[in-house]
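We count ligands from 1, going down the list as the structure has it; atoms in each ligand are counted the same way. Computed over heavy atoms, backbone and side chain alike; hydrogens, waters and symmetry mates excluded.
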Amino acid sequence: MEAATASSLHCCTWIFPEKIGRRPNGFLRFSRNCREGRTLRFNWRDLQWSNASIHPRPVSLEISCSYNNSPASAFESENRCASLDEALVLKKKAEEVIPCLDGRCIYLVGMMGSGKTTVGKMLSEALGYSFFDSDKLVEQATGETSVAEIFKNYSESFFRDNESEVLRKLSLMHQLVVATGGGAVVRPINWKYMRHGITVWLDVPLEALARRIAAVGTDSRPLLHDESGDAYTKALMRLSLLSEERGKAYANADTRVSLLNISAKLRHCDVCEITPTAIAIEALIQIENFLSNDGVATATSP
Ligand SMILES: Nc1ncnc2c1ncn2[C@@H]1O[C@H](COP(=O)(O)OP(=O)(O)O)[C@@H](O)[C@H]1O
Ligand SMILES: O=C(O)C1=C[C@@H](OP(=O)(O)O)[C@@H](O)[C@H](O)C1
C-alpha cells in the first residue's frame, strides 16, 4: 500500500538559509511516497551548519505524516537541537586555542548573572583546564556558607579583601578557568593579578540579566537583595546602577563577548536564545583573535 506522506520540516533557524529559503511561517513542506513499513530517513549530515560559520544554528526538526489525507500518528518525530553539534564545535575550537593559550588562565568577568560560572565550567571542560569560582573560594577561606553570609556577618570590604587574596593565589597557577565575582573588576589590584592570564568580559544586556536573576531569586546576591518591588524590577534597577559604576572597569578586559553581537551573528531575535555553549565558543574565538593580535585588547564597548 502506498502511503502519501506529507512531512513537515520545521526549523527554528535555518541552517542553509541561502539554499532552503526562509518561509514566513518557518515551515518547509514536502511530500514523498514511501511504502508502508519503510522508514523515511533524512541524512542529518545534510543539515549541518555551513562551514562559513563557526556557530551552528539551533535547529529543531519535527517530522509527521498523514495517510489518505487523514492525520496519522507521527511515525518519527525527533527534536534534535544543535546542542550536540555545538558541543563538537566547542571541543574543536578549544583544541585549536589550547596551543596558543600556552597554559595561561582565563578569567571571566562580568555582571552578576552574566553566566561566568555556567560558561566557565564549559570552557574548562573543553580546554581540559580546572575550574574555580572565586566566590566559592572566598566562602571556603572565610569558613562561611555563602557570600550573603559574609556580607551579613562581616562587610563588603571584608569580602573584597578576601576576594583579592583569592585572585592573588590563583594568579600563581596555570591552566585554570576562573569565574570571578561581578565586583572583582573594581579593585585595580585585582587587574594586576588577572593580567597573568586572559580576561574575558561577558557582556549581557541588563534586561536579560535581570530576567535570569529574577528566575533564581536574589537571596544569594546580597547587592541585589532589596525588600521592595518584584524580583525583576528590583534586579534591573540595581543592575543598572552597578553597570553605570562598573561599565568602564569591565571594558578593561582583554576580550569582550557581547551577547548582542552573537545574537546578530546567529540571527536570533532575543539574546535569551543563545546557549551557554554558543557563548563559550564565542569566548574562544575572541581569545584566539586577541592572541593572534599579539595580545592587543579588543574589549571596547560598541
Ligand atoms: N546563556 C544563558 N542562557 C540562559 N540562562 C543562563 C545562561 N547562562 C547562565 N544562565 C543562568 O543564569 C543564572 C546565572 O548564571 P551564572 O553562571 O551563575 O552567572 P554568574 O556566575 O555570572 O553570576 C543561572 O541560573 C544560569 O543557569
Ligand atoms: O557584583 C558583585 O559585586 C558581586 C557579585 C557576586 O558574584 P557573581 O557575579 O558570581 O554573582 C558576588 O561576588 C557578590 O555577591 C558581589
Side-chain angles (χ1 to χ4, degrees), residues 55 58 81-83 86 90 106-124 131-142 144-167 177-187 190 199-226 231-232 235 238-247 249-250 253 257-260 262-263 266 268 270-283:
H55 282 293
C81 290
S83 55
E86 278 188 339
L90 176 60
I106 295 173
Y107 293 90
L108 297 177
V109 301
M111 292 285 283
M112 284 174 259
S114 57
K116 301 177 295 288
T117 309
T118 311
V119 174
K121 284 180 182 167
M122 287 183 167
L123 280 174
S124 69
F131 172 78
F132 284 106
D133 176 341
S134 73
D135 285 348
K136 291 271 172 285
L137 294 176
V138 174
E139 286 165 12
Q140 282 169 20
T142 57
E144 294 288 337
T145 51
S146 69
V147 170
E149 288 293 306
I150 302 171
F151 272 61
K152 198 174 90 189
N153 296 338
Y154 299 90
S155 62
E156 181 175 349
S157 69
F158 176 81
F159 170 82
R160 299 282 171 218
D161 291 344
N162 277 277
E163 182 174 53
S164 294
E165 180 55 14
V166 157
L167 291 172
V177 177
V178 180
T180 65
V185 294
V186 297
R187 284 198 171 182
N190 294 343
T199 45
V200 178
W201 169 26
L202 297 188
D203 184 10
V204 181
L206 296 181
E207 293 75 15
L209 289 180
R211 254 179 288 172
R212 287 182 195 174
I213 287 169
V216 291
T218 54
D219 294 1
S220 65
R221 291 185 168 92
L223 290 179
L224 299 179
H225 201 56
D226 190 317
Y232 173 81
R238 285 294 290 135
L239 286 167
S240 305
L241 290 174
L242 285 172
S243 158
E244 265 175 44
E245 284 168 31
R246 296 176 180 171
Y250 291 127
V257 171
S258 155
L259 264 66
L260 285 177
I262 302 177
S263 140
L266 300 182
H268 285 319
D270 191 327
V271 295
C272 294
E273 291 173 42
I274 307 170
T275 63
T277 314
I279 299 167
I281 295 167
E282 180 68 13

Geometry only, no angles: is I279 polar-contacting ligand 1 at N/O separations under 3.5 Å? no
Is K116 salt-bridged to D135, cutoff N-O under 4.0 Å? no
Do any nitrogen or oxygen atoms of I274 come within less than 3.5 Å of a nitrogen or oxygen of ligand 1? yes
Which atoms of ligand 2 have any heavy atom of G181 under 4.0 Å away? 7 (O), 9 (O), 13 (O)
What about M111: any of its N or O atoms under 3.5 Å from an N or O on ligand 2? no
What atoms in ligand 1 come closer than 4.0 Å to a heavy atom of S114? 19 (O), 22 (O)
Where the side chain of N190 meets the backbone of A184, is there a donor-acceptor pair that is under 3.5 Å apart? yes
Before signing off on this row, confirm whether C272 and ligand 1 have an N or O atom pair separated by under 3.5 Å. no
R160 near ligand 2, heavy-atom distance under 4.0 Å? yes
For atom 19 (O) of ligand 1, grab the closest protein heavy atom and report residue, atom and distance to one decimal in Å. G115 N, 3.1 Å
Could you list which atoms of ligand 2 come closer than 4.0 Å to a heavy atom of R246? 1 (O), 2 (C), 3 (O)
Looking at side-chain heavy atoms only, is the closest gap between V147 and V138 below 4.5 Å? no
Is it true that E156 lies under 4.0 Å from ligand 2, counting heavy atoms only? no
Less than 4.0 Å from atom 26 (C) of ligand 1, is there any heavy atom belonging to the protein? yes
Can you check side-chain contact (heavy atoms from CB on, under 4.5 Å) on V200 and V119, steps first, answer last? CA-CA 11 Å; V200 178; V119 174; over 6 Å; no
Residue among V177, T180, L137, V166 satisfying side-chain contact (heavy atoms from CB on, under 4.5 Å) with F132: L137
Calculate, to the nearest 0.5 Å, the distance between atoms CG and CD1 belonging to D203 and I279 respectively. 11.0 Å
If I apply the N/O under 3.5 Å rule, does G183 come out as touching ligand 2? yes
What residue and heavy atom of the protein are closest to atom 14 (C) of ligand 1, and at what distance? G113 CA, 3.7 Å
Could you tell me whether R238 approaches ligand 2 through its side chain, its backbone, both or neither, with non-hydrogen atoms closer than 4.0 Å? neither
Measure from atom 12 (C) of ligand 2 to every heavy atom in L242, D135, I150 and give the option owning the shortest one. D135
Could you check atom 18 (O) of ligand 1 against the protein and tell me its nearest heavy-atom contact, residue, atom and distance included? R221 NH2, 3.6 Å
Can you tell me which residue and heavy atom of the protein come closest to atom 21 (O) of ligand 1, and the distance to 0.1 Å? T117 OG1, 2.6 Å
When rounded to the nearest 0.5 angstrom, what is the spacing between OG1 in T142 and CG in D161? 12.0 Å
In Å and rounded to the nearest 0.5 Å, what is the CE to CZ distance from M111 to R212? 12.0 Å
Contacting atoms of ligand 2, where contact means under 4.0 angstrom from a heavy atom of F159: 13 (O)
Is there a side-chain contact between L123 and L108 in this structure, where contact means two heavy atoms from C-beta onward sitting under 4.5 Å apart? yes
Going by heavy-atom distance to atom 14 (C) of ligand 2, choose the closest among V147, T117, T180. V147
In terms of ring plane angle, is the pair W201 and Y250 parallel, tilted or perpendicular, where the classes change at 30° and 60°? parallel
Counting from 1 in the order shown, the ligand 2 atoms closer than 4.0 Å to a non-hydrogen atom of K116 are 8 (P), 9 (O)
Could you tell me whether a side-chain N or O of S134 sits under 3.5 Å from a main-chain N or O of G181, the two making a donor and an acceptor? yes
Just to be sure I read this right, does ligand 1 sit under 4.0 Å from the backbone of R212, its side chain, both, or neither, counting only heavy atoms? side chain
Are any of the N or O atoms of T118 closer than 3.5 Å to those of ligand 1? yes
Proximity flag P276 to ligand 1, non-hydrogen atoms under 4.0 Å: yes
